[in-house]
Enquirer: 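Submitted below is the structure of interest, expressed as structure tokens.
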Amino acid sequence: EIRMPAGDYVTYTGYRLYVIRDNQESLLVDSDDLSGTYTHAANTSARLEWKQTFREVGRLFPTAYSSQVSVPGFVAAETLEDFPVLFRLSANAPEGFSYADCRADGNDILFTDSDGRVIPHEIEKWDPEGESLIWVKLPRLAVGTRFRFCYGNPEIEMPAPGTNVWADCFAGVWHLDESGVAAAAIDATGRGNDGVASKTTKGDLTEMTATDGAICGGRTIATAAAANYYRVPNADVLDLGEAFTVSAWIRGTGVNNARIFNRKSNWSDANGWEVQWDTSNTVGPRGSAGDTNGSRDAGIAAKAWTHVVCVYDGTTVSVYGNGAKAGEDVLVTPVVDNDWAFEFGNAHSANGYLFNGAFDEVRLMGGAASAARVKADYDTVASATFLSADPVKASAGANTLTVESAGREIGEVTPDWGEHKDLADGQVVPFSAPAGEQVESDDVHYVFTGYSLYTVDADGAETLVESRDATSGTYTHVAG
């Protein structure tokens, strides 16, 4: 994609080559390639037409307010693709935010990447009287990544984009924030692989109640007296092969070799997989055999929420607790997919091996997650400083000049960043940016490469006046 000056995007998809003879044009080549050759024939002319797709983004959704958000809590030396961060919203957080400035249901909220492209989000909890929780899928997360939180246009209503947050790399995501006794666990990917509240012969579904969660709401699975679990019926998307990642926030009150994750009919089957919370308070993964090759201390504390992750990668499993790797990898038999359901909270036949406690945010992801991704998954929930949002800025009114950046507002520019009010008709405003690299940190440097100048009418519509590969220029103001 090539970003156009107005913030929209063009992608070249191929070309058509026409030959013209005796004023008659005929198609010679219709190709999806991005290069080719033309051999000229005498007494003819030719026309080359590039095929393109056009995508309007960002500026189609003018909003009254915005805040730039950075991710200072991510310091790993790698880039994560399609990573969901948890954005927390409450009165004056970000500074200057007020629920009164956006729609009552929050449907005018949107997020954009640093290039102005709208990116998916899911509102897990909307609470105008308290804290709202929003998952935002960043196309890429690396040191220095920034995105923008925008709101305040009652005329627009963004489509519900929640499923786009999870659909690409997750086989299933269950927030477990539903209300009611024994409520179904809704699959947030939109594929409909909902978990069914289930029990063994010792179970009692009335104990499967909503509870406070590690993120939003959680779900009590059972107490000491009941053997309950959630069962996600078999589906092709659950067949992830030898490499996958399973995770959840769990809060247990006691253990007895509980199967916290299970995709086996029986523990010794030569297919499927399962993860056990042992009586020694360690996490023991199994592959497609009755593996008993070890378990690892994931730091699970009684009656406290712990983020437990198992990363299967062929013949080994890495166990993590609260973002930290728990010892050496565990050897397992490579997983052979089966037609069994995915169960969490207990195993369907484990009457004697009960999980007592609650679950929140269960995820099943294709591929082996890196250590950096596991830690970021934990930090985006547990660390209040993983994200940092700048104070909210209001969109400019009449007779103003607003200076902003497509990336980071770093360096000393003239006029300074922000809104400059009360310009007079005909006033000439020179502007400039510094040359050379602007250092934000040892790892992040910026270089100013040019500018785009827009006029904004009374309805908020922007018109490109000038776009140049220069670091200085002038603006002549027109009243109104």
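Nothing here was measured: the structure is a model prediction, and the numbers come from that model.
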Enquirer: Do other residues, nucleotides or ligands put more than 12 heavy atoms under 6.0 Å from the NZ atom of Lys375?
Expert: no
Enquirer: Cationic tip of Arg363 within the cone over Trp166's six-membered ring, i.e. under 6.0 Å and within 45° of the normal?
Expert: no
Enquirer: May I ask you to decide if Trp273's main-chain N or O and Trp340's side chain share a donor-acceptor pair within less than 3.5 Å?
Expert: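 No.
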Enquirer: Please determine whether salt bridge (charged side-chain N to carboxylate O under 4.0 Å, His left out) holds for the pair Asp212 and Arg251, giving the CA-CA distance in whole Å, both sets of side-chain angles, and the decisive distance to 0.1 Å.
Expert: CA-CA 11 Å; Asp212 59 301; Arg251 182 179 64 193; 3.2 Å; yes
Enquirer: Just wondering, do Phe342 and Val246 contact through their side chains at under 4.5 Å, heavy atoms?
Expert: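 Sidechains of Phe342 and Val246: in contact.
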Enquirer: Between Ser35 and Asp33, is the side chain to side chain donor-acceptor pair (under 3.5 Å) condition met? List the steps.
Expert: CA-CA 6 Å; Ser35 63; Asp33 294 332; over 6 Å; no
Enquirer: Could you check Ser383 against Tyr378 for side chain to side chain contact (heavy atoms under 4.5 Å, CB included), going step by step and ending with a plain yes or no?
Expert: CA-CA 8 Å; Ser383 173; Tyr378 170 73; over 6 Å; no
Enquirer: Do the charged groups of Asp30 and Lys51 touch, with an N to O distance under 4.0 Å?
Expert: yes
Enquirer: Would you name the heavy atoms of Ala183 and Tyr230 that are closest together and state the gap between them?
Expert: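 It is O-OH, 2.6 Å.
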Enquirer: Donor-acceptor check, side chain of Arg286 to backbone of Gly272, threshold 3.5 angstrom: yes or no?
Expert: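 Not at all, since once roles are kept as given, no pair shorter than 3.5 Å links the two residues.
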Enquirer: From the options Leu80, Val85, Thr380, select the one residue that forms a side chain to side chain contact (heavy atoms under 4.5 Å, CB included) with Phe74.
Expert: Leu80
Enquirer: What's the shortest heavy-atom distance between Leu133 and Ile215, and which atoms?
Expert: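 Looking at all heavy atoms of both residues, the closest pair is CD1-O, 3.2 Å.
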Enquirer: Return the set of residues passing ring-ring contact (aromatic ring centres under 6.0 Å, His included) with Trp305 (not counting sequence neighbours), or none when no residue passes.
Expert: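 For Trp305 there are no ring-ring contact (aromatic ring centres under 6.0 Å, His included) partners, ignoring immediate neighbours.
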Enquirer: Can we call the ring centroids of Phe359 and Trp174 under 6.0 Å apart?
Expert: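 Between Trp174 and Phe359, which both carry aromatic rings, the centre distance is not below 6.0 Å.
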Enquirer: Can you tell me how far apart SG (Cys310) and CZ (Phe261) are? Round to the nearest 0.5 Å.
Expert: 7.0 Å
Enquirer: Between Ala289 and Thr333, which heavy-atom pair has the shortest distance, and what is it?
Expert: CB-OG1, 3.5 Å
Enquirer: Thr145 vs Phe83, test: side chain to side chain contact (heavy atoms under 4.5 Å, CB included). Steps then yes/no.
Expert: CA-CA 12 Å; Thr145 291; Phe83 186 82; over 6 Å; no
Enquirer: Please determine whether side chain to side chain donor-acceptor pair (under 3.5 Å) holds for the pair Glu361 and His175, giving the CA-CA distance in whole Å, both sets of side-chain angles, and the decisive distance to 0.1 Å.
Expert: CA-CA 4 Å; Glu361 196 64 21; His175 294 319; 2.7 Å; yes
Enquirer: Which pair of heavy atoms, one from Pro285 and one from Val332, lies closest together, and at what distance?
Expert: O-CG1, 3.9 Å
Enquirer: Could you point out which residue of Phe386, Tyr151, Phe149 forms a ring pair (Phe, Tyr, Trp, His ring centres under 6.0 Å) with Phe87?
Expert: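 The single option meeting the ring pair (Phe, Tyr, Trp, His ring centres under 6.0 Å) with Phe87 is Phe149.
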Enquirer: Would you say that Leu387 contacts Ser70 through its side chain, given a criterion of any heavy-atom pair below 4.5 Å between the two side chains?
Expert: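 The answer is no; the side chains never approach within 4.5 Å.
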Enquirer: Are Phe344 and Tyr229, when compared by the centres of their aromatic rings, separated by less than 6.0 Å?
Expert: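 Ring-ring flag for Phe344/Tyr229: false, centres at least 6.0 Å apart.
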Enquirer: So Glu78 and Ser370, do their side chains get closer than 4.5 Å, heavy atoms only?
Expert: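 The answer is yes, as the side chains (C-beta and beyond) meet within the 4.5 Å cut-off.
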Enquirer: Quick check for you: to the nearest 0.5 Å, what is the distance between Asp105 atom CG and Ile123 atom CD1?
Expert: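 The CD1 atom of Ile123 is 7.5 Å from CG of Asp105, to the nearest 0.5 Å.
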Enquirer: For Glu274, is there an ion pair with Lys264 - N to carboxylate O distance below 4.0 angstrom?
Expert: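 So Lys264 does not pair with Glu274 through a salt bridge.
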Enquirer: Under a plain distance cut-off of 3.5 Å, with no hydrogens placed, do Thr112 and Arg148 share a side-chain donor-acceptor pair?
Expert: no
Enquirer: Just how far is it from atom OG1 of Thr211 to atom CG of Leu176, taken to the nearest 0.5 Å?
Expert: 11.5 Å
Enquirer: Could you label the plane-to-plane angle of the Tyr312 and Phe244 rings as parallel, tilted or perpendicular, counting under 30° as parallel and over 60° as perpendicular?
Expert: parallel
Enquirer: Taking the side chain as every heavy atom from C-beta outward, state whether Leu89 and Pro94 have any pair of such atoms under 4.5 Å apart.
Expert: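 They are in side-chain contact.
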Enquirer: How many angstroms lie between atom SG of Cys216 and atom CG of Asp360, to the nearest 0.5 angstrom?
Expert: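 Output value for this atom pair is 7.5 Å.
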Enquirer: Is it true that, when you exclude Asp236 itself, more than 12 heavy atoms of the residues, nucleotides or ligands shown sit nearer than 6.0 Å to its CG?
Expert: no
Enquirer: If we check side chain to side chain contact (heavy atoms under 4.5 Å, CB included) with Ser318, which of these qualifies: Lys325, Arg296, Glu328?
Expert: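 Of Lys325, Arg296, Glu328, side chain to side chain contact (heavy atoms under 4.5 Å, CB included) with Ser318 is met by Lys325 alone.
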Enquirer: Answer yes or no: is there a side-chain heavy-atom contact under 4.5 Å between Thr316 and Val330?
Expert: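 Counting from C-beta outward, Thr316 and Val330 never come under 4.5 Å.
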Enquirer: Could you go through the side chain to side chain contact (heavy atoms under 4.5 Å, CB included) check for Phe111 and Cys150 one step at a time?
Expert: CA-CA 6 Å; Phe111 295 84; Cys150 308; over 6 Å; no
Enquirer: Test Asn271 against Asp337 for side chain to side chain contact (heavy atoms under 4.5 Å, CB included), laying out the working first.
Expert: CA-CA 6 Å; Asn271 54 57; Asp337 286 323; over 6 Å; no
Enquirer: Any idea which heavy atoms bring Ala76 and Ala372 closest together, and the distance?
Expert: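 Heavy atoms only, the tightest pair is CB-CB, 3.7 Å.
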Enquirer: Side-chain contact test, heavy atoms from C-beta onward, threshold under 4.5 Å: evaluate it for Phe448 versus Pro434 and give yes or no.
Expert: yes
Enquirer: For residues 134-144, which side-chain N or O atoms pair as donor and acceptor with protein atoms under 3.5 Å away, sequence neighbours left out?
Expert:
| unit_1 | atom_1 | unit_2 | atom_2 | d |
| --- | --- | --- | --- | --- |
| Trp135 | NE1 | Glu124 | OE1 | 2.7 |
| Lys137 | NZ | Asn164 | O | 2.8 |
| Lys137 | NZ | Asp168 | OD2 | 2.7 |

Enquirer: Any side-chain to backbone donor/acceptor pair from Thr306 onto Val308? Under 3.5 Å, distance only.
Expert: no
Enquirer: Is the closest side-chain heavy-atom distance between Val283 and Ser295 below 4.5 Å?
Expert: no
Enquirer: Run the salt bridge (Lys or Arg N to Asp or Glu O under 4.0 Å) test against Asp177 and tell me which residues pass, sequence neighbours left out.
Expert: none
Enquirer: How far does CE of Met208 sit from OG1 of Thr206, to the nearest 0.5 angstrom?
Expert: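 Taking CE in Met208 and OG1 in Thr206, the distance rounds to 10.5 Å.
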Enquirer: Under the side chain to side chain contact (heavy atoms under 4.5 Å, CB included) test against Met365, which residue among Val173, Thr245, Leu240 passes?
Expert: Thr245
Enquirer: Under the side chain to side chain donor-acceptor pair (under 3.5 Å) rule, what do Arg146 and Gln68 come out as? Steps first, then yes or no, please.
Expert: CA-CA 7 Å; Arg146 289 167 181 83; Gln68 184 169 255; 5.4 Å; no
Enquirer: Within a reach of under 6.0 Å around CG of Asn92, are more than 12 heavy atoms found that belong to other residues, nucleotides or ligands?
Expert: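 Above 12, so yes.
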Enquirer: Do the side chains of Trp277 and Val275 get nearer than 4.5 Å, heavy atoms only?
Expert: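 No, their side chains stay 4.5 Å or more apart.
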Enquirer: So, Tyr320 versus Ser247: side-chain donor-acceptor pair below 3.5 Å or not?
Expert: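 No, no side-chain donor-acceptor pair sits under 3.5 Å.
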Enquirer: Could you grab the distance from atom CG of Asp239 to atom CG of Asn234, nearest 0.5 Å is fine?
Expert: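 That separation rounds to 6.0 Å.
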Enquirer: Restricting to non-hydrogen atoms, name the atom on Leu238 and the atom on Val232 that form the minimum distance, rounded to 0.1 Å.
Expert: CD1-O, 4.2 Å
Enquirer: Looking at Asp269 and Arg263, does any basic side-chain N land under 4.0 Å from a carboxylate oxygen?
Expert: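 Looking at Arg263 together with Asp269, the answer is no, because their closest N to O distance does not fall below 4.0 Å.
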